[in-house]
Number of protein chains: 2
Amino acid sequence: MKIDPKNPADLSAQIAKAIKDAIISGDLPVDERLPSEAEMAEQFAVSRPTVREALKRLGAQSLIRTQRGATGGAFVNRLRFEDAYGQQITTSTLLLSMNEVSFATACEARYALERACAPLSAERRTADHLATMRAEAHRQSQPGLTDEAFCASDVAFHRALVDAACNPVLSYQLAGAVEAMQPLMNMITFSARSREKIIGYHSAIADALEAQDAAGADAQLAALAAYTQELAQDVFAQRDAARNG
Amino acid sequence: MKIDPKNPADLSAQIAKAIKDAIISGDLPVDERLPSEAEMAEQFAVSRPTVREALKRLGAQSLIRTQRGATGGAFVNRLRFEDAYGQQITTSTLLLSMNEVSFATACEARYALERACAPLSAERRTADHLATMRAEAHRQSQPGLTDEAFCASDVAFHRALVDAACNPVLSYQLAGAVEAMQPLMNMITFSARSREKIIGYHSAIADALEAQDAAGADAQLAALAAYTQELAQDVFAQRDAARNG
DNA sequence: GACGTTTAATTGTCTGACAAATGAAAATTG
DNA sequence: CAATTTTCATTTGTCAGACAATTAAACGTC
C-alpha cells in the first residue's frame with residue numbers, strides 16, 4: 001500500500017485509491033481496523049488533514065466507517081445491499097436527469113429488467129410479496145390520490161415484484177432502474193381512466209404470480225410496458241403541441 | 001441549503017448532504033460553480049478543512065469536480081455513464097465478495113438480466129457488436145490461454161451482447177452484474193472440453209443475433225446459463241470433497 | 001466484587017499559514 | 001495599435017499545531 005511518486009498534488013486521492021485497492025483485493029478484510037489517522041499520516045508522510053480527506057472519500061462510498069473514542073478508528077465496512085441501494089438509486093436518478101435520457105429508453109430498460117425476473121418471481125413469490133402487491137394496487141385505487149402518491153405506490157408495487165424473485169443481486173440491480181424512473185413518471189398526469197387500466201394490469205400481474213404463471217406475468221408486464229409508453233407519448237405530444245403553438 | 005442544528009459532530013457530512021440534495025433537486029445545475037471553499041466556510045460557519053472534507057465526499061461520488069487556479073473551484077459534474085460504470089462495478093464486486101453471495105445466486109441474476117436484453121440486442125445489433133463478439137469467441141479458442149484471460153474475454157463477449165441492445169441505461173445496469181461475476185468465474189478451472197462448449201454457445205448466440213433471431217439467442221443464453229451453473233456445481237462439489245476427505 | 005473516577009487514545013474541528021496552479025489584467029515591446 | 005510577456009489576484013492543495021468530544025479501558029474506592 002504505497003503512494004506518491006513525488007507528486008504533491010492529489011495526495012488524498014492517491015491515499016484513498018491505495019486503501020480502496022487494498023479493500024477490493026481483500027488485503028484489508030471486513031471489520032479490519034485501519035491505523036489511526038496520525039499513524040497513517042506518518043506512514044504516508046503527509047499531514048493528518050490530507051489523510052482525513054482520503055478517509056472521507058472512502059466513507060462516502062461506504063467502504064469504511066469511523067468511530068470515535070479510545071478503541072475507535074476507521075474500520076473496513078461490510079458493504080450491505082441496503083447501503084448500496086441508496087447510492088445506486090441516487091446515481092441512476094442523476095444519470096437519467098443529467099444525460100437527457102428519453103422516457104422511452106429508461107422505460108424500455110426498466111420493463112426489460114422487470115420481465116427478466118418475472119419467471120423467478122412467479123416461482124418464488126411468498127404470501128408477503130403478494131400481500132404487498134395487493135395492498136399497493138388497492139391504494140392506487142383510492143380516490144383523491146395525488147399523482148405523486150400514485151407513482152410512489154407504483155414504485156412500491158414493482159419493487160415487491162422484483163423482490164419476489166428472492167435474489168438479492170437482482171433486487172439490488174433493479175432498485176436503481178425502478179426507482180430512478182419515478183421522477184420521470186411524475187411528469188405524467190394520470191387520468192382516472194389510465195389509473196384504472198394500470199391497476200388492472202397490476203392486479204393481473206399479482207394474479208399471474210399467485211398462480212405461478214410465469215408466461216402470464218410476462219405478458220401482463222409487456223402489456224403494461226406498452227401502455228406506459230403509449231401514455232408517455234401522448235403526454236409528450238400534448239406538451240410539444242402546447243409549446244409550439 | 002442549510003445545515004447545523006447546533007450539532008457539532010458530522011459537520012462535513014451535513015454539508016455534503018446539503019450540497020448533494022441541491023444537486024439532486026436540480027437547484028444546482030450541471031457546470032454550476034460552487035462558492036469557493038473560503039466562502040462556504042463562512043456561509044456554513046465552519047472551518048475550511050471541514051468544507052474540504054465535505055467536498056471530497058462529493059468528489060468521490062463524481063458529483064463535483066475541482067479545478068485549481070484563479071477561475072477554479074468546485075463545479076457540479078455532469079455524471080456520465082462511463083464514470084458511473086466504474087463505481088457500479090466496484091460496488092457490485094464488493095457486494096458479492098463481502099456478503100457471501102453464492103455463485104448460483106449471482107449467476108442466476110446475471111443470466112436473467114442478459115436474457116432481458118437479448119430481444120433488443122437481436123433487433124439492434126450492429127456489425128461492430130457482432131465483430132466484437134466474434135473476435136472474443138475466437139480469442140477464447142486460442143490454445144494456451146490462461147483461465148483468467150478466458151474469463152476476461154468472456155466478460156468482453158457478454159458486454160458486447162449487452163451493449164448491442166443500444167440502451168445506455170441497460171448497459172449501465174448490467175455492467176455491474178456482468179463484471180462483478182468475473183472474480184467468481186475466476187474460481188472455476190475451465191477444461192479444454194468445457195471451453196469448447198462455452199465457445200460453441202457464444203458462436204450460437206452470435207449467429208442468432210446476426211439472424212435477428214431473438215428466441216434463438218434467448219434459448220442459447222438459457223443453455224449457457226445452465227451449463228455454467230453445472231460447471232460451478234462440479235467445481236464446488238470437488239472442492240468440498242477435497243476439504244472434507 | 002460492584003461501582004464511580006480517571007486516563008489515554010482517537011476522531012472531529014479550528015486557526016493560520018504557505019505552495020502551486022491558473023487565468024486575467026497590466027505592462028512591455030514591436 | 002497589436003502581440004507578447006510579466007505580474008498579480010484567486011483558488012485549491014497541503015501542512016503544522018492545537019483543542020474539544022467521545023469512548024472504553026484501567027484504576028481506585030467502598
Side-chain angles (χ1 to χ4, degrees), chain A residues 1-20 23 28 31-78, chain B residues 1-20 23 28 30-77:
Chain A
M1 208 158 80
K2 284 184 180 176
I3 61 157
D4 192 12
K6 295 145 204 154
N7 188 354
D10 290 326
L11 285 178
S12 71
Q14 289 177 46
I15 293 171
K17 183 172 188 315
I19 299 174
K20 184 174 175 178
I23 293 175
L28 287 172
D31 292 333
E32 178 88 351
R33 183 181 175 282
L34 300 179
S36 74
E37 295 174 355
E39 284 178 89
M40 298 185 86
E42 191 174 6
Q43 181 183 332
F44 288 120
V46 299
S47 67
R48 195 159 85 91
T50 301
V51 170
R52 282 182 62 78
E53 287 181 6
L55 294 180
K56 293 308 166 194
R57 292 178 121 105
L58 300 174
Q61 300 170 281
S62 302
L63 292 179
I64 62 169
R65 62 179 186 278
T66 57
Q67 204 177 350
R68 287 216 272 197
T71 59
F75 298 84
V76 177
N77 198 29
R78 156 160 281 125
Chain B
M1 206 159 79
K2 284 185 179 175
I3 62 159
D4 191 12
K6 297 147 202 152
N7 187 356
D10 289 327
L11 286 179
S12 71
Q14 289 178 46
I15 294 171
K17 182 170 188 318
I19 299 174
K20 183 174 175 177
I23 294 175
L28 288 173
V30 167
D31 292 334
E32 177 88 350
R33 183 182 175 282
L34 300 181
S36 73
E37 295 175 354
E39 285 178 89
M40 300 185 84
E42 191 173 7
Q43 180 183 334
F44 289 120
V46 299
S47 68
R48 196 160 82 92
T50 301
V51 170
R52 282 182 62 77
E53 287 180 6
L55 294 180
K56 292 310 165 194
R57 292 178 121 107
L58 300 174
Q61 299 170 281
S62 304
L63 292 180
I64 61 169
R65 62 179 186 279
T66 57
Q67 203 176 351
R68 288 215 271 195
T71 60
F75 299 84
V76 177
N77 197 29

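Residue numbers start from 1 in every chain, and the chains themselves are labelled A, B, ... in the order their sequence lines are given, proteins ahead of strands.
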(message) For the helix from C:dG1-D:dC30 to C:dG30-D:dC1, what angle separates the axis at the start from the axis at the finish, each from five pairs, in steps of 10°?
(response) 20°
Identify, with sequence neighbours excluded, every residue that meets side-chain hydrogen bond (donor to acceptor under 3.5 Å, both in side chains) alongside [X].
X: A:Glu39; result: A:Ser36
X: A:Gln61; result: none
X: B:Thr66; result: none

(request) State which of C:dT11, C:dA17, C:dC14 makes the closest approach to the side chain of B:Arg48. (result)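 Among the listed nucleotides, the one closest to the side chain of B:Arg48 is C:dA17.
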Please report, rounded to the nearest Å, how far the [atom2] atom of [N] is from the [atom1] atom of [X].
X: A:Asp10; N: D:dC15; atom1: CG; atom2: P; result: 12 Å
X: B:Leu11; N: C:dT15; atom1: CG; atom2: P; result: 12 Å
X: B:Met40; N: D:dT11; atom1: CE; atom2: P; result: 13 Å
X: B:Phe75; N: D:dT12; atom1: CZ; atom2: C1'; result: 11 Å

Set of side chain to side chain contact (heavy atoms under 4.5 Å, CB included) partners for [X], sequence neighbours left out:
X: A:Glu42; answer: none
X: B:Gln67; answer: B:Phe75
X: A:Thr71; answer: none
X: B:Ala13; answer: B:Asp10, B:Arg57

(message) Ignoring hydrogens, what is the shortest heavy-atom contact between B:Leu55 and B:Ile64? Give both atom names and the distance.
(response) O-CD1, 3.4 Å
N/O-N/O pairs, protein side and nucleotides 8-10 of chain C side, under 3.5 Å:
unit_1: C:dT10; atom_1: OP1; unit_2: A:Arg33; atom_2: NH2; d: 3.4
unit_1: C:dT10; atom_1: O4'; unit_2: A:Gly69; atom_2: O; d: 3.1

(request) Using the test salt bridge (Lys or Arg N to Asp or Glu O under 4.0 Å), find all partners of A:Arg78 that sit at least two apart in sequence or belong to another chain. (result) none
(message) According to salt bridge (Lys or Arg N to Asp or Glu O under 4.0 Å), who are the partners of B:Arg65, at least two apart in sequence or on a separate chain?
(response)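 With neighbours one apart ignored, the set is B:Asp31.
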(request) Kindly state which residues belonging to residues 49-56 of chain B come within less than 4.0 angstrom of DNA chain C, counting heavy atoms of the residue only, listed by number. (result) B:Pro49, B:Thr50, B:Glu53
(request) Using the side chain to side chain contact (heavy atoms under 4.5 Å, CB included) rule, take A:Leu63 and A:Asn77 through it: C-alpha gap first, then chi angles, then the decisive distance, then the call. (result) CA-CA 5 Å; A:Leu63 292 179; A:Asn77 198 29; 6.0 Å; no
